[in-house]
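These notes concern the structure reproduced below.
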Number of protein chains: 2
Amino acid sequence: MPTARAQLVAAAFELFETEGYDATTVDSIAARAGVGRTTFFRAFKSKDEVVFPDHTRLLAGMQERLESGVGDPQARALDAALFVIRQFLAEGDLAVHRYRLTSTVPALRDRELAMMSRYQRVLGRFFLAEVTGEALAAELLASAWVTVHNHVLRDWMRGRTSTPEKDLTVGLDEALTALSRPAHEEQSIVVFRTSRPLDVVLPGLQTLLGEPVGPRKVPRRR
Amino acid sequence: MPTARAQLVAAAFELFETEGYDATTVDSIAARAGVGRTTFFRAFKSKDEVVFPDHTRLLAGMQERLESGVGDPQARALDAALFVIRQFLAEGDLAVHRYRLTSTVPALRDRELAMMSRYQRVLGRFFLAEVTGEALAAELLASAWVTVHNHVLRDWMRGRTSTPEKDLTVGLDEALTALSRPAHEEQSIVVFRTSRPLDVVLPGLQTLLGEPVGPRKVPRRR
DNA sequence: ACCCTGACGGTACTCCGTACCGTTCTACAG
DNA sequence: CTGTAGAACGGTACGGAGTACCGTCAGGGT
């Protein structure tokens with residue numbers, strides 16, 4: 001026989017989908033799970049908590065990845081993101097059902113936002129300590145982390161991607177590197193003098209740049 | 001005699017600060033304001049709403065700024081941010097009292113997060129339509145907007161800055177331009193052929209670049 | 001003078017969340 | 001096998017948020 005907690009989760013999801021979240025009472029969930037109302041509130045602090053995964057465990061796992069100390073900070077942030085999203089991916093259908101609920105019921109939407117902000121706080125402290133000393137920059141990195149994670153997860157739950165881990169990796173890389181560069185970057189214009197003929201220099205330059213591209217037309221200014 | 005709504009707000013803030021949020025009942029707020037309990041729920045949809053400003057008005061004003069059509073999208077986003085933060089700055093002490101409450105009471109913290117997410121959704125749609133076609137990029141811009149705004153506002157409420165509007169302007173500019181550039185930017189290496197002597201070309205190039213800098217030493221590669 | 005509209009106050013109800021208490025099940029020592 | 005300590009469970013009672021409904025009253029137009 002499964003644990004009372006699992007019974008309650010199953011009963012809750014069934015009732016929420018058939019009757020709607022607001023229309024189902026905690027009593028009915030407990031009754032369907034075959035336990036008392038008191039047992040429900042012992043397993044979950046509130047009615048909405050039954051929908052969400054164990055965030056304390058997730059937060060602890062994430063923090064562990066962040067503090068693991070292997071790799072540069074950005075790699076650890078990516079590692080932590082992959083850890084978190086894998087927990088959701090492993091849930092399979094359950095995550096999709098939860099998504100339907102959270103996008104429908106305002107109370108659950110708010111609850112989820114509160115959870116995400118806890119992740120963001122932890123990440124903010126991490127980035128502040130490991131990457132930058134500026135509070136605003138750290139908060140921007142943290143919010144970008146959360147945004148990318150949520151976007152990829154939502155894409156996956158809507159069936160819009162089948163490679164969530166790859167999407168998360170490239171999305172996070174782009175966002176974090178874009179944010180950790182100064183806003184107004186300097187461009188370089190260098191002039192060399194040489195006695196070697198250009199016919200010799202240019203092919204060498206091309207191989208140096210990696211991409212064997214020929215000369216491009218300069219885009220005409222509008 | 002002031003409106004019933006204002007009376008209720010004043011009574012609520014007094015009681016929340018003296019008795020604490022959870023300990024004060026809606027009945028006591030209404031009694032102190034000299035109105036009935038029903039009147040409270042006619043003015044505010046819930047107990048926590050009495051703490052926050054009129055978000056529907058703020059959202060409408062923000063959206064108006066975004067759709068005003070003057071200036072490029074980034075300038076409009078900045079205009080909207082300035083509009084929002086000025087509403088809070090105009091509140092003066094009230095904003096500070098609210099900050100003390102929201103940073104203490106979890107229920108109010110969650111409520112505020114839910115509000116911010118509504119702003120973020122509106123901004124996401126704006127950036128998606130006006131700046132980029134990619135959903136993730138738009139969401140990143142929106143979350144950065146919110147993060148910068150909240151950071152500056154928090155700084156001001158803690159007395160850590162006296163120039164919030166300027167902070168918001170430069171912070172938003174840096175964040176948005178950093179995010180709207182591709183992460184792995186291409187560098188340009190261009191070669192021209194000319195018959196004019198370099199002694200003529202180089203001074204013209206220097207004035208073209210604005211900064212009259214002389215030739216720099218190329219940094220030696222490590 | 002009449003009615004209509006809108007704001008107000010009061011009552012009753014549902015349900016969430018908490019505190020408390022008695023009961024039952026289980027593990028473990030004697 | 002038995003007694004017992006401790007944890008898990010179920011039931012009851014209560015406070016308070018939020019909703020629905022109804023009666024009252026003031027003001028404004030015809």
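Labels below follow one simple rule: chain letters A, B, ... track the order of the sequence lines, proteins then strands, and each chain is numbered from 1.
Note: A/Phe40 and A/Phe44 have tilted aromatic rings, judged against thresholds of 30 and 60 degrees for the angle between ring planes.
Side-chain contact check for B/Tyr119 and B/His149: no donor-acceptor pair (N or O, by modelled atom type) lies under 3.5 Å. Using modelled atom types and a 3.5 Å distance limit, the side chains of B/Asp167 and B/Thr161 yield a donor-acceptor pair.
Heavy-atom nearest nucleotides on DNA chain C were determined for A/Phe40 and for B/Val35, and the one closer to the 5' end corresponds to B/Val35.
Out of D/dG10, D/dA17, C/dC8, the shortest distance to the side chain of B/Ala4 is found at C/dC8. Residue B/Val26 places its side chain closer to D/dA17 than to any other of D/dA17, D/dG10, C/dG9.
Across all strands shown, B/Thr24 has heavy atoms under 4.0 Å from sugar-phosphate atoms exclusively, and none from any base.
In this entry the distance linking CG of A/Asp48 with P of C/dG17 reads 6 Å, nearest Å. Atom CG of A/Asp27 and atom P of C/dC16 are 7 Å apart (whole Å). The nearest whole Å value for the distance from the CD atom in A/Glu19 to the C1' atom in C/dT14 is 16 Å. One atom, CZ of B/Phe44, and another, P of D/dA17, lie 15 Å apart when rounded to the nearest Å. When rounded to the nearest whole Å, the span between NZ of A/Lys47 and P of C/dT14 equals 16 Å. Here the P atom of nucleotide D/dA8 and the CD atom of A/Gln7 are 18 Å apart, to the nearest Å. For the pair A/Leu8 CG and D/dG10 P, the interatomic distance rounds to 9 Å; values are reported in whole Å.
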Just the atom pairs and distances: protein N or O near nucleotides 18-20 of chain C's N or O, under 3.5 Å.
| residue | atom | partner | partner atom | Å |
| --- | --- | --- | --- | --- |
| C/dT18 | O4 | A/Arg37 | NH2 | 3.2 |

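A cation-pi contact, defined as under 6.0 Å to the ring centre and within 45° of the axis, links B/Lys47 to B/Tyr21.
Residues B/Glu91 and B/Arg86 are not paired through a salt bridge, judged by the lack of any N-O separation under 4.0 Å between the basic side chain and the carboxylate.
A donor-acceptor pair under 3.5 Å is formed between the side chain of B/Arg5 and the backbone N or O of B/Ala43.
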Show every donor-acceptor pair shorter than 3.5 Å between a side-chain atom in residues 130-137 of chain A and any protein atom, with sequence neighbours excluded, or say none if there are none.
| residue | atom | partner | partner atom | Å |
| --- | --- | --- | --- | --- |
| A/Glu130 | OE1 | A/Arg76 | NH2 | 3.4 |
| A/Thr132 | OG1 | A/Glu134 | N | 3.0 |

